[in-house]
Peer 1: 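The following block contains the structure, expressed as structure tokens.
From a predicted model like this one, the values you see are computed outputs, not experimental measurements.
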Amino acid sequence: MFDRIMTTISFHTVLNFPAFLNKTWCRTRSNPSSTALQLSSIFIQTDETRNPADSKKIMGSVAAGVRCQAPNSLLTQENTVGILGGVSVFSTLIFLEKLVWWSSRRGEDCIPFVVCSDPTINREFLPPISSPLFLKDKNAQFPLNHGPIVEKLRCKRAFLEQSGARCIVMPCHLSHAWHSEVSEGCPLPFLHVGECVARELKAAKLRPLEAGSNVRIGVLGIDESLMAGFYREKLESQGLEVVLPDMATMEHIVIPAIEALRKKDMEGARNLMRIAVNVLLVRAVNVVVLASDEMQGLLSRDDPLSKKCINPMDALARSTLHWAKSIQNLHP
């Protein structure tokens with residue numbers, strides 16, 4: 001499945017698949033003809049060892065180079081997707097894997113995409129996820145100063161637009177807290193993960209588990225302001241009732257589960273996660289939205305509770321592919 005390693009480099013152009021940096025694995029197809037001379041995807045990541053000023057210079061020069069390319073060169077397809085990486089590079093890579101394999105599993109070509117990932121957003125501006133400020137201070141406003149984060153994300157968005165993207169997606173829960181600000185003035189479709197989840201749940205035509213009540217959707221994450229914010233807004237706009245864990249569940253179950261995960265106590269984290277999901281299920285929710293990258297994969301696929309949980313990034317990936325395929329049909 002994986003047959004070679006891409007070692008650390010600042011920028012890499014690939015043939016029909018993204019370059020996975022920092023000694024992560026790069027998947028390639030077994031059929032050599034599938035990668036023959038069609039440059040359809042590019043993965044851009046700023047080098048963590050560079051200072052911000054150097055990174056800006058490099059990003060500017062690369063963007064200029066892309067703009068100067070001939071009309072029939074890289075990233076001129078009308079269904080090119082721009083992927084704006086958030087605070088987790090690994091979450092971006094997982095999302096990329098879904099796009100690549102879901103779009104090409106029937107023997108079709110992978111959709112064209114360009115990725116911009118900047119891990120300095122996490123290192124420079126966000127507090128550690130296990131810090132008391134992030135997890136336990138009920139009066140804390142997260143993040144304390146999001147202006148620099150929004151500015152960086154808007155800069156990356158502009159780079160994607162200049163690189164030929166026709167649609168922007170942001171596979172990061174935390175970054176969606178500033179989606180409205182990052183997408184302001186964007187001339188392209190800018191998909192929102194909460195809207196993607198809400199549309200899919202609405203289309204599923206779920207039935208209430210209790211007579212006389214609305215369909216209830218549980219939302220489980222590590223930041224209450226995030227859960228109560230855009231997920232609640234988007235789900236309620238579709239007529240769905242949102243159920244959040246209470247403070248006791250957050251303090252005694254959810255937060256310890258994340259802390260156990262950080263300590264590599266997988267069994268402890270998994271057991272606490274199962275309790276947290278059950279706490280919502282007993283409140284008659286139909287499904288539980290796992291609104292955190294940390295929670296993905298904690299429950300095994302054969303665990304019955306995993307069938308009651310939704311990974312929002314799956315919905316975002318499906319919506320992205322639907323957009324790309326619909327545009328491709330309009331411009332064959």
Peer 1: List the atom of Asp293, the atom of His173, and the distance in Å for their closest heavy-atom pair.
Peer 2: OD1-CD2, 3.1 Å

Peer 1: Using the rule that two of Ile, Leu, Val, Met, Phe, Trp, Tyr join whenever any of their side-chain heavy atoms come within less than 4.5 Å, decide whether Val285 and Val279 are in one cluster.
Peer 2: no

Peer 1: Please assess Asp314 against Glu200 for the test side chain to side chain contact (heavy atoms under 4.5 Å, CB included), listing each intermediate value before the final yes or no.
Peer 2: CA-CA 11 Å; Asp314 288 351; Glu200 286 196 356; over 6 Å; no

Peer 1: Looking at Phe190 versus His179, is the centre-to-centre ring distance below 6.0 Å?
Peer 2: yes

Peer 1: Is a donor on one side and an acceptor on the other found under 3.5 Å between the side chain of Asn286 and the backbone of Arg207?
Peer 2: yes

Peer 1: Under a 3.5 Å cutoff, is there a donor and acceptor pairing between the side chains of Asp246 and Thr249?
Peer 2: yes

Peer 1: Same cluster or not: are Ile94 and Met266 linked, directly or through other Ile, Leu, Val, Met, Phe, Trp or Tyr residues, by side-chain heavy atoms under 4.5 angstrom apart?
Peer 2: no

Peer 1: Any heavy-atom pair between the side chains of Gln328 and Asp109 that's under 4.5 Å?
Peer 2: no

Peer 1: Under the criterion side chain to side chain contact (heavy atoms under 4.5 Å, CB included), I'd like the reasoning laid out for Lys98 against Asn311: C-alpha separation, chi angles, the key distance, then a yes or no.
Peer 2: CA-CA 12 Å; Lys98 291 173 182 176; Asn311 181 350; 3.2 Å; yes

Peer 1: Give the minimum heavy-atom separation between Thr92 and Gly85, together with the two atoms involved.
Peer 2: OG1-CA, 3.5 Å

Peer 1: What closest approach, in Å, do Ser306 and Ser300 show between heavy atoms, and which atom pair accounts for it?
Peer 2: OG-O, 3.3 Å

Peer 1: Quick check: does any side chain N or O of Ser319 sit under 3.5 Å from a backbone N or O of Leu316, one acting as donor and the other as acceptor?
Peer 2: no

Peer 1: Looking only at side chains, do Tyr231 and His176 share a donor and an acceptor under 3.5 Å apart?
Peer 2: no

Peer 1: State whether the number of non-hydrogen atoms from other residues, nucleotides or ligands found under 6.0 Å of Lys325 atom NZ is greater than 12.
Peer 2: yes

Peer 1: Find the distance between CG (Leu290) and CE (Met313) and round it off to the nearest 0.5 Å.
Peer 2: 11.5 Å

Peer 1: Quick check: closest heavy atoms across Ser103 and Leu321, and the distance to 0.1 Å?
Peer 2: CB-CD2, 3.5 Å

Peer 1: Tell me whether the count of non-hydrogen atoms from other residues, nucleotides or ligands lying under 6.0 Å of NZ in Lys308 goes above 12.
Peer 2: no

Peer 1: So, Glu161 and Arg157, do they make that salt bridge, N to O below 4.0 Å?
Peer 2: yes

Peer 1: Quick one: pull up CZ in Phe113 and CG in Leu160 and give me the separation to the nearest 0.5 Å.
Peer 2: 12.0 Å

Peer 1: Please check if atom NZ in Lys264 has more than 12 non-hydrogen atoms from other residues, nucleotides or ligands closer than 6.0 Å.
Peer 2: no

Peer 1: Show the nearest heavy-atom pair for residues Gly268 and Ala260, with the distance to one decimal.
Peer 2: C-CB, 4.3 Å

Peer 1: Between the main-chain N or O of Gly164 and the side-chain N or O of Arg166, is there a donor-acceptor pair closer than 3.5 Å?
Peer 2: yes

Peer 1: Of Leu201, Ile217, Val219, Val288, which meets side-chain contact (heavy atoms from CB on, under 4.5 Å) against Ile310?
Peer 2: Leu201

Peer 1: Would you give the length of the straight line joining atom CD of Glu195 to atom CD of Glu233, rounded to the nearest 0.5 angstrom?
Peer 2: 8.0 Å

Peer 1: In terms of relative ring orientation, are His192 and Phe230 parallel, tilted or perpendicular, with 30° and 60° separating the classes?
Peer 2: perpendicular

Peer 1: Side-chain contact, heavy-atom cut-off 4.5 Å: Pro312 with Gln296?
Peer 2: yes

Peer 1: Under 4.5 Å between side-chain heavy atoms, hopping through other hydrophobics if needed: is there a path connecting Ile253 to Ile258?
Peer 2: no

Peer 1: Tell me the closest heavy-atom pair linking Leu280 and Pro245, and the distance in Å.
Peer 2: CD2-N, 3.9 Å

Peer 1: Would you compute the distance between atom CG of Leu84 and atom CG of Asp118 and round it to the nearest 0.5 angstrom?
Peer 2: 9.5 Å

Peer 1: Any non-hydrogen side-chain atom of Arg283 less than 4.5 Å from a side-chain atom of Arg216?
Peer 2: no

Peer 1: Could you check whether any side-chain N or O of Ser175 sits under 3.5 Å from a backbone N or O of Cys172, counting only pairs where one atom can act as donor and the other as acceptor?
Peer 2: no

Peer 1: In the single-linkage hydrophobic clustering (I, L, V, M, F, W, Y; side-chain heavy atoms under 4.5 Å), do Leu261 and Leu272 co-cluster?
Peer 2: no

Peer 1: Could you go through Leu305 and Leu281, starting from their C-alpha distance and side-chain angles, then the distance that decides it, and tell me whether this counts as side chain to side chain contact (heavy atoms under 4.5 Å, CB included)?
Peer 2: CA-CA 9 Å; Leu305 286 180; Leu281 290 177; 3.5 Å; yes

Peer 1: Please determine whether residues Trp101 and Val115 belong to a single hydrophobic cluster, defined as Ile, Leu, Val, Met, Phe, Trp and Tyr linked transitively by side-chain heavy-atom distances below 4.5 Å.
Peer 2: yes

Peer 1: Ignoring hydrogens and angles, tell me if any N or O in the side chain of Lys202 forms a donor-acceptor pair with the backbone of Gln238 under 3.5 Å.
Peer 2: yes

Peer 1: How long is the span from the SG atom in Cys167 to the CH2 atom in Trp323, to the nearest 0.5 Å?
Peer 2: 5.0 Å

Peer 1: Can you tell me how far CG of Asn329 sits from CG of Asn79, rounded to the nearest 0.5 angstrom?
Peer 2: 9.5 Å

Peer 1: Starting from the C-alpha separation in whole Å, work towards a yes-or-no answer on side chain to side chain contact (heavy atoms under 4.5 Å, CB included) for Thr320 and Trp102.
Peer 2: CA-CA 11 Å; Thr320 302; Trp102 291 0; over 6 Å; no

Peer 1: Is any side-chain heavy atom of Val254 closer than 4.5 Å to one of Met295?
Peer 2: yes

Peer 1: So Glu236 and Val242, do their side chains get closer than 4.5 Å, heavy atoms only?
Peer 2: yes

Peer 1: Measure from the side-chain N and O atoms of Thr80 to the backbone N and O of Pro112, and report whether any donor-acceptor pair falls under 3.5 Å.
Peer 2: no

